[in-house]
Amino acid sequence: MNFHIAKRKLRSIARDLVRWSWLALLLFGCQSEPPGPLHIQFYHWQTVLEPDSLHYDVLSLSTRQELFVKVADFRWSASGPVADAELVLADDDIGYRLQPVVFITNEVMLRLSEVNDNESGLTALAEDILMAAARSNTTYSTYSELQLDCDWTRGSAKTYFGLLHKLRQLLPSNVRLNCTVRLHQWRDHEDQGIPPVDRGILMAYNSGDLEHWETENSILDTLISAQYLKPKSTYDLPLDLALPAYHWAAIYRRNELAYLVDGLTAEALTDTTRFTSLTPNRFEVNRSTYLDGIYCYKGDLIRLENSDQDRLKTTYDQLLAVVPRFVGQRLFFFRQGSAEKQILDFLE
């Protein structure tokens, strides 16, 4: 082969190699970092925060030294939005950074939506929320994230999002603003909108109808969640996930929900002189009696509900099938009481 022809051919091959090397680098070398495991976090929803209510055995499962605490509920009153169930810190030396969560009823948003000029009302509410959030500051640390929890709807979305914008303006730039997203808000985001926050927390529990005795399990109903969690257009907001780790008893009187009793199990209903077992998780009161401090009348019906492993795993798989993964993504557990074994079993 002519020397000059061979030289040109070698140069062509070299150029092709360089070209393919850059393509390989673009395709493989610049891929994003693998998401890795989800970071585990917990909610504290009781009004009083004290060492006995923390259950350190559960908190030890946290990926970060943080605890998300409800600092107040905002409800509507004759005078407008008011805070109640405000957090009481019995001991602020717990070794965890407290991140505040504020619950707001949708009624507050709907009522403020009816006001012609609600700008001043939103400003006042945002300031009250920040005052409530300050309850989470301790000698250990100040909060770096504010989370709002509201079951907003299409009719209240504009007002709620206006409140979020107001909070973003008032918060320091280094404090992240997040909010919960319920299943219907995720599915129907074209109508209900996507909140203007840094990150959302997709809540996949309390999806069943608690008000009706016929409901199988209102905490986790995998058939209902499957109707919501279907592949769809992109939800333009990074989403953490939230699952339940608790159980309770729903007591019905004359076909209406009368009480919720946290933590009640079948062991408390084994006295056949007072309770009749209808199914493994349904009972009837056959003699008026006290149950966990509540007076139950003969004929009252009791349904036990829990977040068992099968339902948890099914719901978790449903979430992962539709929610994109990203580095730093979190898995929150809403719990009541100690749930270490239940959570450990799930995480295995």
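Each residue takes its place number in the sequence, starting with 1. Because only heavy atoms are used, hydrogens play no part in the values below, and waters and symmetry mates are left out as well, while side chains stay in.
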For [X] and [Y], test the side chains for any donor-to-acceptor distance below 3.5 angstrom and give the result as yes or no.
X: D149; Y: T180; result: yes
X: S144; Y: R97; result: yes
X: Q192; Y: T153; result: no

Main-chain N/O of [Y] paired with [X] side-chain donor or acceptor, under 3.5 Å:
X: R311; Y: L220; result: yes
X: T47; Y: L87; result: no
X: H247; Y: G263; result: yes
X: N137; Y: T142; result: no
X: S156; Y: W152; result: no
X: Q65; Y: G95; result: yes
X: R187; Y: K230; result: no

Could you pull out the closest heavy-atom pair between [X] and [Y], with the gap in Å?
X: E267; Y: T270; answer: O-OG1, 3.3 Å
X: R199; Y: G328; answer: NH1-O, 3.3 Å
X: Y143; Y: P100; answer: CB-CD, 3.2 Å
X: A266; Y: L304; answer: N-CD1, 3.5 Å
X: L331; Y: A242; answer: CD1-N, 4.5 Å
X: A245; Y: S307; answer: CA-OG, 3.5 Å

(request) Show your reasoning for whether side chain to side chain donor-acceptor pair (under 3.5 Å) applies to N281 and T279. (result) CA-CA 5 Å; N281 68 320; T279 69; 3.0 Å; yes
Linking I/L/V/M/F/W/Y whenever their side-chain heavy atoms sit closer than 4.5 Å, directly or via other members, would [X] and [Y] fall into one cluster?
X: L269; Y: L257; answer: no
X: V108; Y: V82; answer: no
X: I94; Y: Y140; answer: no
X: M203; Y: Y246; answer: yes
X: F333; Y: V58; answer: yes

(request) Would you sort out whether Y96 and L59 count as a side-chain contact (heavy atoms from CB on, under 4.5 Å), showing the intermediate values? (result) CA-CA 9 Å; Y96 283 79; L59 287 186; 3.5 Å; yes
[atom1] of [X] to [atom2] of [Y]: how many Å apart, nearest 0.5 Å?
X: D209; Y: E214; atom1: CG; atom2: CD; value: 9.0 Å
X: C296; Y: Y259; atom1: SG; atom2: OH; value: 7.5 Å
X: F161; Y: I194; atom1: CZ; atom2: CD1; value: 8.0 Å
X: R274; Y: F283; atom1: CZ; atom2: CZ; value: 12.0 Å
X: Y316; Y: L241; atom1: OH; atom2: CG; value: 7.0 Å
X: F103; Y: D151; atom1: CZ; atom2: CG; value: 8.0 Å

Side-chain ion pair, [X] and [Y], N-O less than 4.0 Å:
X: D188; Y: R182; result: no
X: R64; Y: E145; result: no
X: R168; Y: D198; result: yes
X: E107; Y: R75; result: no

Is there side-chain contact between [X] and [Y], with at least one heavy-atom pair below 4.5 Å?
X: L125; Y: M109; value: yes
X: L237; Y: P195; value: yes
X: F334; Y: F332; value: no
X: S62; Y: F42; value: yes
X: L183; Y: S207; value: yes
X: L49; Y: V88; value: no
X: L130; Y: L146; value: yes
X: V101; Y: L148; value: no

(message) Checking Y43 against Q147 for the side chain to side chain donor-acceptor pair (under 3.5 Å) test, could you report, in this order, the C-alpha distance in whole Å, the side-chain angles of both residues, the deciding distance, and whether it holds?
(response) CA-CA 11 Å; Y43 287 113; Q147 188 177 127; 2.5 Å; yes
Count the heavy atoms of every other residue, nucleotide or ligand shown that sit under 6.0 Å from [atom1] of [X], and state whether that count exceeds 12.
X: F326; atom1: CZ; result: yes
X: H212; atom1: NE2; result: no
X: D84; atom1: CG; result: yes
X: R154; atom1: CZ; result: no

(request) Assess whether side chain to side chain donor-acceptor pair (under 3.5 Å) is satisfied between N286 and T276, documenting all intermediate values. (result) CA-CA 7 Å; N286 54 37; T276 298; 2.7 Å; yes
(request) Begin with the C-alpha distance, continue with both residues' side-chain angles, and end with the deciding distance and a verdict on side-chain contact (heavy atoms from CB on, under 4.5 Å) for T222 and Q318. (result) CA-CA 9 Å; T222 57; Q318 291 172 342; 4.1 Å; yes
(message) Is there a ring-ring contact (aromatic ring centres under 6.0 Å, His included) between Y228 and W186? Walk through the geometry before answering.
(response) CA-CA 8 Å; Y228 288 96; W186 181 85; 9.0 Å; no
(request) Start with the C-alpha gap between K298 and E284, add the side-chain angles, then the distance that decides, and say whether salt bridge (charged side-chain N to carboxylate O under 4.0 Å, His left out) holds. (result) CA-CA 8 Å; K298 180 180 179 180; E284 182 176 0; over 6 Å; no
(message) Determine whether L278 and L301 satisfy the following criterion, side-chain contact (heavy atoms from CB on, under 4.5 Å), listing intermediate values before the conclusion.
(response) CA-CA 10 Å; L278 305 176; L301 299 174; 4.2 Å; yes
(request) Go through the steps for T159 and L122 under the test side-chain contact (heavy atoms from CB on, under 4.5 Å), then give the verdict. (result) CA-CA 8 Å; T159 302; L122 289 179; 3.8 Å; yes
(message) Run S218 and E305 through side chain to side chain donor-acceptor pair (under 3.5 Å) and show every step you take.
(response) CA-CA 7 Å; S218 68; E305 297 187 344; 2.6 Å; yes
